[in-house]
Amino acid sequence: MTSFDEGELQFEFGDDWHAEQFDRTGARFPRGVLPVDFIVEGDDELVLVEIKDPSASQAPERNREQFVRKMKSKELTHQELVPKARTSYGILHLMARDTKRMRYVVVIGTEHLSMQPVLLANLTDMLRARLARETETAWQRPYVSDCIVVSIADFSKAISGCSACRIAPGAVGASAKGPRP
């Protein structure tokens, strides 16, 4: 099992998965590349994992309200989530690491958001549509086979054998970020 801390969130990846922190401190990417947080590889698939945590303890209420507005509009999918998937895929393609089916999982810290749970399903639908078509014509070569947007509590439903939870803000520090066996 491999564990990573991302801010106040802890992710555990089961033994069936090889997980790496793709957007790690010190990683160098070409200008304009917006990498996802994790790349998780199984026997027959590669999973791009992006984390958004507007429920972090230090997040002001106005930022949380703004995030919910972005979730309801196309701003989050069109300006943040899809560009991260597309540019991460581009890097993986150029590294010849795109030989398996690829999924996209977005994890959102929703505990302190004023929203209905159906918003995550709606966001998944918007994301799926945008990943398939960003121009006047749908992509002829889809790069992501499927996607899902889940809460921290539902991360294990998106990737079997894996889990996520919030850790105490006092336990988070510069030394806490990174892999742990």
Side-chain angles (χ1 to χ4, degrees), residues 4 6-9 11 19 21-24 27 29-40 45-95 97-98 100-159 162 164 166:
F4 288 103
E6 181 71 26
E8 296 176 3
L9 304 177
F11 291 83
Q21 205 163 15
F22 200 51
D23 186 14
R24 66 191 177 283
F29 292 98
R31 186 178 179 151
V33 170
L34 306 167
V36 293
D37 293 302
F38 300 124
I39 302 293
V40 184
E45 73 175 332
L46 201 61
V47 184
L48 308 175
V49 180
E50 176 61 19
I51 298 128
K52 298 290 184 189
D53 190 17
S55 290
S57 62
Q58 299 299 316
E61 185 59 33
R62 68 182 178 281
N63 290 14
R64 293 177 181 157
E65 292 167 2
Q66 180 183 18
F67 191 84
V68 171
R69 283 192 298 275
K70 286 170 45 174
M71 289 173 70
K72 291 178 179 177
S73 72
K74 294 179 179 179
E75 184 179 351
L76 184 62
T77 56
H78 287 45
Q79 295 178 17
E80 294 182 37
L81 300 178
V82 170
K84 282 184 170 268
R86 182 181 1 89
T87 60
S88 294
Y89 165 77
I91 292 295
L92 293 169
H93 175 75
L94 294 170
M95 296 169 79
R97 291 184 61 190
D98 65 334
K100 298 178 181 180
R101 178 175 73 104
M102 197 171 300
R103 280 191 306 131
Y104 190 25
V105 174
V106 177
V107 183
I108 299 178
T110 59
E111 309 95 305
H112 300 294
L113 298 183
S114 215
M115 56 164 268
Q116 296 294 320
V118 72
L119 184 54
L120 296 179
N122 293 344
L123 192 57
T124 296
D125 291 341
M126 281 194 293
L127 183 58
R128 187 174 289 128
R130 186 66 174 179
L131 285 167
R133 181 185 190 130
E134 291 186 76
T135 64
E136 293 177 9
T137 306
W139 298 131
Q140 296 302 303
R141 293 189 176 132
Y143 58 98
V144 173
S145 64
D146 200 10
C147 66
I148 188 167
V149 180
V150 296
S151 66
I152 296 164
D154 289 337
F155 180 63
S156 62
K157 294 177 184 175
I159 307 178
C162 302
R166 186 165 301 282

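Of the possible donor and acceptor atoms, one in the side chain of Ser55 sits under 3.5 Å from a partner among the backbone N and O of His112. Using a distance-only test at 3.5 Å, with no hydrogens or angles considered, a donor-acceptor pair links the side chain of Arg103 to the main chain of Ala158. Between the side chain of Glu134 and the backbone N or O of Ala132 there is no donor-acceptor pair closer than 3.5 Å. Using a distance-only test at 3.5 Å, with no hydrogens or angles considered, a donor-acceptor pair links the side chain of Ser88 to the main chain of Val36. Thr110 places no side-chain N or O within 3.5 Å of a backbone atom of Ser151 that could act as its donor or acceptor partner.
Leu120 contributes atom CG, which lies 8.0 Å from atom CG of Asp154 (distance to the nearest 0.5 angstrom). Atom CD1 of residue Ile108 and atom CE of residue Met71 lie 4.0 Å apart, to the nearest 0.5 angstrom. Distance CD/Glu45 to CD1/Ile159: 7.5 Å, rounded to 0.5 Å. Rounding to the nearest 0.5 Å places CG of Leu123 at 8.5 Å from CE of Met115. Rounded to the nearest 0.5 angstrom, Tyr104 OH and Thr124 OG1 are separated by 11.5 Å. With rounding to the nearest 0.5 angstrom, the CG atom of Leu131 is 11.5 Å from the CE atom of Met102.
Between Ile91 and Pro35, the closest side-chain pair of non-hydrogen atoms is not below 4.5 Å. No side-chain heavy atom of Glu50 sits less than 4.5 Å from a side-chain heavy atom of Glu80. With a 4.5 Å cut-off on side-chain heavy atoms, Glu6 and Gln21 count as touching. Counting heavy atoms from C-beta on, the side chains of Val68 and Ser114 never come closer than 4.5 Å. In this structure, the side chains of Phe155 and Cys162 come closer than 4.5 Å at one or more pairs of heavy atoms. Contact check for Phe29 versus Thr87: no side-chain heavy atoms found under the 4.5 Å cut-off. In this structure the side chain of Phe67 reaches within 4.5 angstrom of the side chain of Leu76, judged on heavy atoms. Inter-residue side-chain proximity for Phe38 and Ile51 is flagged as met; some heavy-atom pair is nearer than 4.5 Å.
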Applying side-chain contact (heavy atoms from CB on, under 4.5 Å) to Lys52 and Leu81, what does each step give before you reach the verdict?
CA-CA 10 Å; Lys52 298 290 184 189; Leu81 300 178; 4.1 Å; yes
Any chance you could lay out the side-chain contact (heavy atoms from CB on, under 4.5 Å) test for Val150 and Val106, step after step, and finish with the verdict?
CA-CA 6 Å; Val150 296; Val106 177; over 6 Å; no
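Taking both residues in full, the closest heavy atoms of Leu46 and Arg97 are given as CD2-O, 3.2 Å, listed atom of the first, atom of the second, then distance. The two residues Arg166 and Asp53 make their nearest non-hydrogen contact at NH2-OD1, 2.7 Å.
Under the side chain to side chain donor-acceptor pair (under 3.5 Å) criterion, the residue pairs touching residues 56-68 are Glu8-Ser57, with sequence neighbours excluded.
Residues Tyr143 and Asp98 have side chains that never bring a donor and an acceptor to within less than 3.5 angstrom of each other.
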